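What follows is one structure encoded as structure tokens, with my remarks underneath.
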Amino acid sequence: MVDLSYLETLNAEQREAVFHSGSPLLILAGAGSGKTRVITTKIAYLVDALGIPARSILAVTFTNKAAREMYERALQLSPRTEGVMIKTFHSFGVWLLRLYGERLGLARDFAIYDDEDARALLSSILDGSQRRHLSRYAWAISRAKDYALGPEDDLSSILEDDDFPELYARYEDRLRDTGNVDFGDLILLPLRLLKEHEDVRRKVHAAFRVVMVDEYQDSNVAQFFLLRELYGPETYLCVVGDEDQSIYRFRGAEVRNILDFPDAFEGTHIVRLETNYRSTETILRAASGVIAHNEGRLGKTLRPIRQGGDVIRILSFPSAEEEAAYWARFLREEGWEDVAVLYRAHYQSRLLELALAREGVPYRVVGSLRFYEREEVKDLLAFLRLVLNPRDEVSFLRVINKPPRGIGAKSQKAIISHARGTGSTLVEVLREGVVPGKAGASMVEFARFLDHIGERLSRMDLASWMEDLLKESGLWDYYQGFDDYTARQKLENLQELLALARSYPGGRDGLLAFLEYVALEGSLDRGSGDGVVLITMHNTKGLEFSKVIITGLEEGVFPSWAASSPEDIEEERRLFYVALTRAKDGLFLSWAQTRNIRGRRSFQQASRFLREIPPECLSPSYEEEEEEDFPVGSRIYHDDYGYGMVVERRHNGNLLVVKVRFETGYTCEFLPSYTPLERIRHE
DNA sequence: AAGGCAGGAGTTACA
DNA sequence: CTCCTGCCTT
């Protein structure tokens with residue numbers, strides 16, 4: 001008999017979500033409501049109780065980490081779930097394209113260009129004046145693909161620019177010439193495949209009777225279209241998400257996907273998971289109070305399991321330096337176990353790192369520069385891709401003159417245009433040495449090197465072969481020439497890449513598998529070692545900590561200066577909501593009155609979001625600051641400026657600001673909590 | 001072709 | 001302030 005005891009731990013709403021079958025299901029899962037448990041239990045239940053074969057269940061996530069975690073947890077519940085296909089949207093796309101990509105004229109061993117590669121490709125087709133807008137165009141192409149818009153579609157909603165449609169078209173042509181794909185294609189090409197090839201669609205529909213999507217609020221339009229194609233007449237569809245935690249609009253996520261899900265899929269049943277197991281009542285009330293200011297919601301009311309809880313503290317500091325120093329001291333004294341310090345942007349981590357180092361508090365910064373985005377890693381990978389695909393222009397340009405071997409911009413242009421003109425591969429052109437003199441000789445030599453190393457690929461294991469390549473290409477010596485610290489870092493990173501390659505076999509197949517692994521999940525999750533976690537609010541999605549400290553709660557920092565439209569502000573507010581709901585036991589918020597921004601001392605105002613927290617959640621001690629009051633008209637004395645009168649009184653966040661006109665005629669604003677102002681009560 | 005210097009720009013992030 | 005790009009010099 002099958003053991004279904006895992007169902008007993010579920011609450012009523014979770015059961016409803018697990019037992020539901022038939023029509024499409026939308027699970028609105030509030031923060032900390034046991035979402036992953038529901039999905040994994042549902043998978044186990046489908047297999048154990050309904051007898052659905054594990055391999056005919058497809059579950060789609062947005063990160064590899066989430067996919068792995070889901071697979072493992074499902075397996076823990078029931079060993080029969082082994083073989084369930086849990087993939088990211090992108091790795092599912094790759095899987096499908098490797099199987100049927102030939103129908104679209106795609107080679108079986110295509111490589112995947114990341115954002116930087118795509119940018120390099122785009123750069124090669126822009127003229128001088130257009131190159132100034134490289135970032136803008138690269139961004140626009142990426143967004144256009146998120147919205148499933150091709151060069152021939154109306155692109156005015158993406159970028160109002162007369163050149164853009166043509167540039168986009170040329171980019172697509174060049175990309176097809178290289179035989180490779182970018183990340184957007186990993187959604188768009190499978191979409192096209194399913195749309196245009198009836199037989200493929202039928203096979204896929206037959207293969208997956210159940211399709212589930214996690215974090216559905218993060219999906220973009222192209223992914224929605226893909227999901228619609230995956231949804232066949234017999235498919236059971238179940239998506240899980242939380243519109244209040246949609247924080248990736250800037251990368252194409254479309255909240256409307258989840259808001260309009262019931263309209264897009266007829267007969268949708270909605271289940272709300274509103275019981276929160278994570279945070280104290282106080283924290284939850286604060287978060288709910290904040291998110292209630294948003295309009296575009298389906299609406300949920302989170303109910304805490306944990307009543308009461310510590311009040312939330314808001315602290316203000318004269319400077320960002322003092323803010324950092326305070327939290328460093330705080331962590332040293334109170335401990336840093338299961339504590340995270342959150343901020344809006346990476347640049348804010350620097351001051352914190354400095355202060356923590358000074359106090360001797362161990363810390364780790366989460367996800368600033370990702371492993372596979374590092375120069376040396378990308379260089380070696382470019383070599384690998386070039387060996388695999390001698391038409392790969394992007395990889396070619398990256399390594400042709402690295403280290404410098406006398407083949408400069410002019411020769412590079414000549415090689416590319418010759419290859420394009422004759423239809424030869426780039427390596428074939430190199431072999432012919434189409435340029436006279438030194439550069440030509442150097443090209444022939446480089447081609448010979450590529451041939452030699454290529455021949456050895458099938459005779460060695462991958463890691464040793466890569467090591468040879470590294471040494472013989474001159475890359476290894478090249479990095480050794482950097483300053484000590486940088487050189488050590490770079491060589492260490494390369495060693496790490498080699499270590500990663502050791503688990504792969506040699507030959508083209510091994511190389512292809514390795515490259516695919518690196519492209520799709522090359523982000524090494526380095527050390528979950530101890531120490532306080534420094535992390536952007538975006539990166540905390542899905543995590544939880546006992547205590548959460550949110551810093552830099554200032555206008556211009558958070559909400560960001562770049563957030564202008566009401567939609568932007570709502571998105572920032574959702575981000576704040578995500579940040580607040582990470583905390584299990586304690587929540588600490590802080591802001592600084594001055595901060596260096598772009599090398600300039602900037603005077604900051606408290607974030608509007610602080611005012612949106614219901615006052616009853618806040619520490620009363622905070623309001624004490626207002627006790628020493630300075631009503632308009634009161635007389636004051638300042639050590640430097642002398643006697644004066646308060647002419648204006650307002651609040652910046654929860655902090656009192658007074659404007660004083662002195663007897664000298666000079667007018668100045670002060671923050672009485674930080675500036676020693678003496679009130680003169682009797683003349 | 002390659003290295004040095006001046007000028008401009010500068011969120012958040014997944015595959 | 002820092003990083004990157006582009007232009008200028010050698």
Side-chain angles (χ1 to χ4, degrees), chain A residues 60-67 87-95 112-119 123 128-129 131-136 139 142-143 145-146 181-188 190 215 218-220 222-223 246-253 342-351 366-370 372-373 375 400-412 435 437-439 442 516-523 535-542 552 556-564 568 571-572 574-576 578-579 595-602:
Chain A
V60 184
T61 64
F62 282 85
T63 66
N64 293 295
K65 196 175 153 219
K87 283 184 177 294
T88 63
F89 263 112
H90 293 88
S91 63
F92 174 74
V94 172
W95 177 80
I112 302 158
Y113 282 159
D114 68 12
D115 290 344
E116 198 188 329
D117 302 323
R119 220 179 126 95
S123 175
S129 62
R131 191 151 307 132
R132 289 183 44 228
H133 305 298
L134 172 61
S135 296
R136 191 183 305 166
W139 174 88
S142 181
R143 286 298 77 71
K145 292 197 170 189
D146 287 340
V181 302
D182 62 19
F183 277 123
D185 289 339
L186 294 182
I187 309 300
L188 288 184
E215 303 279 16
D218 288 339
S219 61
N220 61 36
Q223 287 160 340
S246 170
I247 54 175
Y248 286 116
R249 203 162 74 107
F250 67 91
R251 68 170 202 218
L342 278 52
Y343 37 79
R344 175 64 230 269
H346 284 299
Y347 71 84
Q348 295 171 257
S349 77
R350 278 195 52 184
L351 282 179
V366 175
S368 42
L369 184 52
R370 309 222 322 261
Y372 70 95
E373 283 167 0
E375 181 198 13
I400 180 66
N401 209 26
K402 200 167 192 174
R405 47 175 73 84
I407 307 172
K410 224 171 155 188
S411 304
Q412 292 170 19
V435 169
K438 252 185 167 173
S442 187
E516 184 170 312
Y517 168 79
V518 174
L520 290 176
E521 43 191 314
S523 63
I535 189 169
T536 64
M537 295 187 223
H538 280 94
N539 268 328
T540 61
K541 184 104 158 291
V557 175
F558 189 45
S560 156
W561 56 270
S564 47
D568 290 342
E571 172 115 343
E572 298 278 303
R574 289 192 290 267
L575 182 58
F576 190 39
V578 167
R595 172 184 301 275
N596 281 348
I597 294 177
R598 292 179 214 164
R600 274 226 150 73
R601 201 75 187 158
S602 165

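We name chains A, B, ... by the order of the sequence lines, and we start the count at 1 in each one. Note that the structure is a prediction, hence the values are computed from the model and not measured.
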For the pair made of OH in A/Tyr347 and P in C/dT2, what is the distance, rounded to whole Å? 15 Å
Of the listed B/dA15, B/dT11, B/dA2, the closest approach to the A/His90 side chain comes from B/dA15
If you look at every strand shown and take non-hydrogen atoms under 4.0 Å, does A/Ala409 touch a base, only sugar-phosphate, or nothing? sugar-phosphate
With heavy atoms under 4.0 Å as the rule, sort A/Gln348 into base, sugar-phosphate or nothing. nothing
Taking only side-chain nitrogens and oxygens of A/His538, does any of them come within less than 4.0 Å of OP1 or OP2 of B/dC14? no
Which nucleotide in B/dA2, B/dT11, B/dA13 has an atom nearest any side-chain atom of A/Pro404: B/dA2
If you compare every side-chain N and O of A/Ser411 against the phosphate oxygens of B/dA1 (OP1, OP2), does one of them come in below 4.0 Å? yes
Stacking here means centres under 5.5 Å and planes under 30°; does A/Phe62 stack on B/dC14? no
Please state whether the phosphate of B/dT12, meaning OP1 or OP2, lies under 4.0 angstrom from any side-chain nitrogen or oxygen of A/Ser560. no
Whole-Å distance, A/Arg598 CZ to C/dC4 P, equals 17 Å
From B/dT11, B/dA15, B/dA13, pick the nucleotide closest to the side chain of A/Leu520? B/dA15
Rounded to whole Å, NE2 of A/His346 lies from P of B/dT11 at a distance of 10 Å
Between A/Lys410 and A/Asp114, who's closer to the 5' end of DNA chain B by nearest nucleotide? A/Lys410
Against the side chain of A/Arg344, the closest entry in B/dT11, B/dA13, B/dA15 is B/dT11
Atom pair CG (A/Asp218) and CD (A/Gln223), whose distance is rounded to the nearest 0.5 Å: 9.0 Å
Between A/Glu375 and A/Lys402, is there a side-chain heavy-atom distance shorter than 4.5 Å? yes
SB check A/Glu572 A/Arg249 (cutoff 4.0 Å): no
Quick check: any donor-acceptor pair below 3.5 Å linking the side-chain of A/Asp115 to the base of B/dC14? yes
A/His133 has an atom NE2; how far is it from atom P of B/dA9, in whole Å? 11 Å
When the distance from OH of A/Tyr248 to P of B/dA15 is rounded to whole Å, what number comes out? 10 Å
May I ask you to say what A/Arg574 touches in the nucleic acid, namely base, sugar-phosphate or nothing, with a heavy-atom cut-off under 4.0 Å? nothing
Relative to each other, are the rings of A/His538 and A/Tyr248 parallel, tilted or perpendicular (30° and 60° limits)? tilted
So, OP1 or OP2 of B/dA2: does either fall under 4.0 Å of a side-chain N or O from A/Asn401? yes
With a 4.0 Å cut-off on heavy atoms, is A/Ala345 in touch with a base, just the backbone sugar-phosphate, or nothing at all? sugar-phosphate
Would you mind classifying the nucleic acid contact of A/Lys438 as base, sugar-phosphate or nothing, using non-hydrogen atoms under 4.0 angstrom? nothing
Salt bridge or not for A/Arg574 and A/Glu571, using N-O below 4.0 Å? yes
Please report, rounded to the nearest Å, how far the P atom of B/dA9 is from the CZ atom of A/Arg136. 11 Å
Among the candidates B/dC14, B/dA13, B/dT12, find the nucleotide nearest to the side-chain atoms of A/Thr63. B/dC14
Salt bridge or not for A/Asp146 and A/Arg251, using N-O below 4.0 Å? no
From the options B/dA13, B/dA1, B/dA15, select the nucleotide whose nearest atom is closest to the side chain of A/Phe250. B/dA13
Can you tell me how far C1' of B/dA15 sits from CZ of A/Phe92, to the nearest Å? 15 Å
Here the distance between atom P of B/dC14 and atom CD1 of A/Ile112, to the nearest Å, is 17 Å
Answer with yes or no whether A/Asn539 presents, from its side chain, a donor or acceptor under 3.5 Å of a partner atom in the base of B/dA13. no
